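The structure under discussion appears below in the form of structure tokens.
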Amino acid sequence: MDQVAVKSHERNSPDDRIDWRKAAYFLHLSRALDEMEEKRLVPEKKVLYQFSARGHDMAQILLGMQLTGLHDATCGYYRSRPLLLSLGVDPADALGSAMGRAGGYSDGRDIGVVFNYPNLSGASALPMCGGVGAQYTPTAGWAQAMKYYSTTLGRKEYDRDIGVALGGDGSVASNGFWAAITAATTQFLPMLFYVEDNGFGISVPSTMQTPGGNIAANLASWKDLKIFDGDGCDPAEAARLSQEAVTYVRDKRKPALLRLTVPRLQGHSFQDTQTYKSEDIVRQEWERDPLPRLKEYLVPTVMTADEWEATQGKAREAAETAREAAEGRPVADPATVTNHVFFNGEMQVMGGQYRAGYVPPAGSEIPETSGPRINMVTAIRKTLDLEMSINDRVVIFGEDIGPKGGVHAVTLGLQEKFGSERVFDTSLSEEGIIGRAVGMALAGLVPVPEIQFRKYAEPATEQINDCGTIRWRTNNRFAAPIVVRMPGGFFKCGDPWHSQTNEVAFVHQPGWKVAVPSNAEDAVGLLRTSLRGNDPVIFFEHRAMLDHAWARRPYPGDNFTLPFGKAKFTRTGSDITIVTWGAMVQRCEDAAEGISADVIDLRTLMPWDQDAVLSSVRKTRRCLIVHEDLGSAGFGAEISAVVADKAFMDLDAPISRLTMPDIPSPHNPVLLDWAVPSVERIAKRIAELLEF
Ligand SMILES: Cc1ncc(C[n+]2csc(CCOP(=O)(O)OP(=O)(O)O)c2C)c(N)n1
């Protein structure tokens, strides 16, 4: 007698812990939306970018249905719509966002496949990014926040919540993936890495992303990472593995990686004709289509054929209703597109301490100075210490900031005082540091990551940029206010790695406030405002000023706060305006000795105090801008453009800039002194302008 092959999904009856009817409905819904876009909305040019999830869909839905924790969160990528639907995203929002219409997840600001879903009554989707791999470290941060709430703060309601990152096989080669794997396994974070392996990253085969093409096999010996690996087209296997993986992470509070193989049944995006795939491969992929396999699996055991058809019909109807609703949505008023770069008093739906109910204590701009002068290091430490004492959401982390107290000693003693869950060393990965901070902030904590030197923020560039745009691109649904401390600038010597300032780079990234204090008092006020605020801040600590005698000031008190965008006149006079910040303030003051000058310490560059500068220039009729950063496209260029634009007729001399030449910082002190504006050169330039 012929042996009849038994397919794996026919061996057992469907797992009755899974709501298979729901899974079937969402699969049909996802297919209906994909089909509607491909056949109608893209050809009609109503949807501009489309990424089909066909093939990935069933496994995603089965995973999504496991995310039942009130504070579970997932961060996916452009192919994650099926999972989002299973979490409860309104199909009208999904289609409306794909059409770039008003409302939805971004009010037409973000590409429609890049989702976010703040859900206060179940699993949320953290703001996704267009950058492959950028989803991983914020998810690790979310997972760390769950751990923090439950173990450090004793909040039982967070005991079982987890973070789940979704990525394709291409994403496993990204920096973000490795940063997050390292963070999650070294710090035992309740995080699931879900890799949906379709064998291709656009056209590049997975063997180019990881040797042999199977990341699960390659990570088998990675310590403290539980591996699950299987077929994402087999309903029973996909359901079982998703359930096991999620349960493992929930129970053990440790990370796991789940790799499911799936076919990508369409091109990478609508435009991709897949010429790089042979006909054979395409045929084999269609043979693996999970939709008929789910039908075969459920009919007739779980539902009748009629029920299956009815489910499909209902899903198509829902897609049609969603399309009508989406098409009925207008395009947002273009004048609103500048809203929500920063907090404007209108509360975000999720993320940040304000959303979690924090009310900042009343602060005062008037210093209550007492005691001896302290240096900037002590001033910053004292401020961190106080805010940590009164706000248990504040957490500090970075490289060497724990027992060592930071390479600049700013965090010395804080771990001893607050414990290693609130003050901790991280793996050497700036993407890991900033990305994790983002996830923690999304979960309501106040992360204060330290970047050891300004230049080393560069590996975190993507996370920094994406953090700044969260509020805007989610149209105020999410915000991730973090305070990034970073020292930079010259010290006793220079060099290309530890001494650059380049603070202007952050000004150019929407959503970041930028503080550049020159002295201990301002450092206290600006840092406290940052820690009590609702926007991300780059807090720049100038290396030369950390222990500079001039920068030492009496502690201005526990209530001292300084507003951003309010400059300080450190000298006043009538003949020239000198605009500066950071380490150059002291030099400008010295250079202006004996001259009637306004010396303006901007204190913050985003926002910056245009009114102070313009009113001063209108009085003095001369303007010199002095900064340490390079001249070309330095922040001085912005100031001069504004002064030229708004006070041209008030000027008696050209606006002048004195900056570093366009070179990296040189090491030898003699070379450095030549390059950085000195008191003598500033004085000479002042004299030239006065004589003009
Ligand atoms: C950092 C980054 N580099 C390049 C791209 C362009 N890009 C978009 S998708 C993609 C391939 C990703 O493949 P994979 O992670 O396997 O996901 P899949 O599309 O196969 O689901 C590339 C290279 C990007 N979005 N981000």
Side-chain angles (χ1 to χ4, degrees), residues 30 34 48-61 63-64 74-84 110-115 127-139 164-181 193-216 218-219 232-233 238 257-274 276-277 281-282 285 288-290 429-432 434-435 438 458-467 469 473:
S30 175
D34 275 343
L48 302 178
Y49 284 103
Q50 196 258 356
F51 293 76
S52 167
R54 264 199 212 114
H56 287 233
D57 33 21
M58 182 191 73
Q60 272 184 32
I61 289 161
L63 175 63
T74 177
C75 193
Y77 69 114
Y78 48 80
R79 222 179 287 292
S80 302
R81 187 165 68 191
L83 180 133
L84 272 295
D110 202 348
I111 183 169
V113 290
V114 176
F115 280 66
M128 299 174 183
C129 296
V132 171
Q135 67 272 41
Y136 288 110
T137 54
T139 311
V164 180
L166 277 63
D169 46 282
S171 74
V172 307
S174 68
N175 297 343
F177 178 78
W178 292 103
I181 285 273
F193 295 79
Y194 173 58
V195 178
E196 26 200 316
D197 188 343
N198 64 27
F200 291 89
I202 306 186
S203 64
V204 179
S206 53
T207 46
M208 197 57 77
Q209 313 295 356
T210 191
N214 181 348
I215 189 67
N218 291 340
L219 284 171
C233 302
L257 181 138
L258 166 64
R259 168 184 175 260
L260 292 180
T261 52
V262 292
R264 192 190 75 203
L265 296 176
Q266 305 294 140
H268 168 71
S269 63
F270 186 82
Q271 285 76 9
D272 175 22
T273 50
Q274 305 205 80
Y276 47 85
K277 283 185 184 171
I281 288 182
V282 172
E285 286 182 331
R288 296 177 59 216
D289 182 357
S429 164
E430 284 74 17
E431 168 152 9
I434 301 298
V438 169
E458 279 165 24
T461 302
E462 181 178 39
Q463 290 299 334
I464 291 176
N465 196 290
D466 291 344
C467 175
T469 59
R473 65 187 154 91

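Quick note: residue numbers are just sequence positions, from 1. No experiment lies behind these values; they were computed from the predicted model shown. Atoms within a ligand are numbered from 1 in the order they appear, just like the ligands themselves.
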Q) Counting heavy atoms only, which of Ser171, Gly131, Ala173 comes nearest to atom 15 (O) of ligand 1? A)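 It is Ser171 whose heavy atom sits nearest to atom 15 (O) of ligand 1.
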
**Q.** Salt-bridge present (Arg54, Asp34; N to O < 4.0 Å)
**A.**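 No salt bridge links Arg54 with Asp34.
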
Q.
Check this for me: does any side-chain nitrogen of one of Asp272 and Lys277 sit under 4.0 Å from a carboxylate oxygen of the other?
A.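 Lys277 and Asp272: not salt-bridged.
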
Which residue supplies the protein heavy atom nearest to [atom], what is that atom called, and how far is it?
atom	value
atom 25 (N) of ligand 1	Gly130 O, 2.9 Å
atom 21 (O) of ligand 1	Tyr77 OH, 2.7 Å
atom 22 (C) of ligand 1	Ile202 CD1, 3.7 Å
atom 5 (C) of ligand 1	Val132 CG2, 4.2 Å
atom 13 (O) of ligand 1	Gly201 CA, 3.2 Å

List every atom of ligand 1 that sits less than 4.0 Å from any heavy atom of [X], numbering the atoms from 1 in the order shown and giving each element.
X	result
Tyr78	9 (S), 10 (C), 11 (C), 12 (C), 13 (O), 17 (O), 18 (P), 19 (O)
Arg79	18 (P), 19 (O), 21 (O)
His268	9 (S), 19 (O)
His56	21 (O)
Asn198	18 (P), 20 (O), 21 (O)
Gly170	14 (P), 15 (O), 16 (O)

Q. Are a donor atom and an acceptor atom from the side chains of Tyr194 and Thr74 found within less than 3.5 Å of each other?
A.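 Side chains of Tyr194 and Thr74: no pair found under 3.5 Å.
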
(Q) Is it the case that ligand 1 has an N or O less than 3.5 angstrom from some N or O of Glu462? (A)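 No, Glu462 has no N/O under 3.5 Å of an N/O on ligand 1.
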
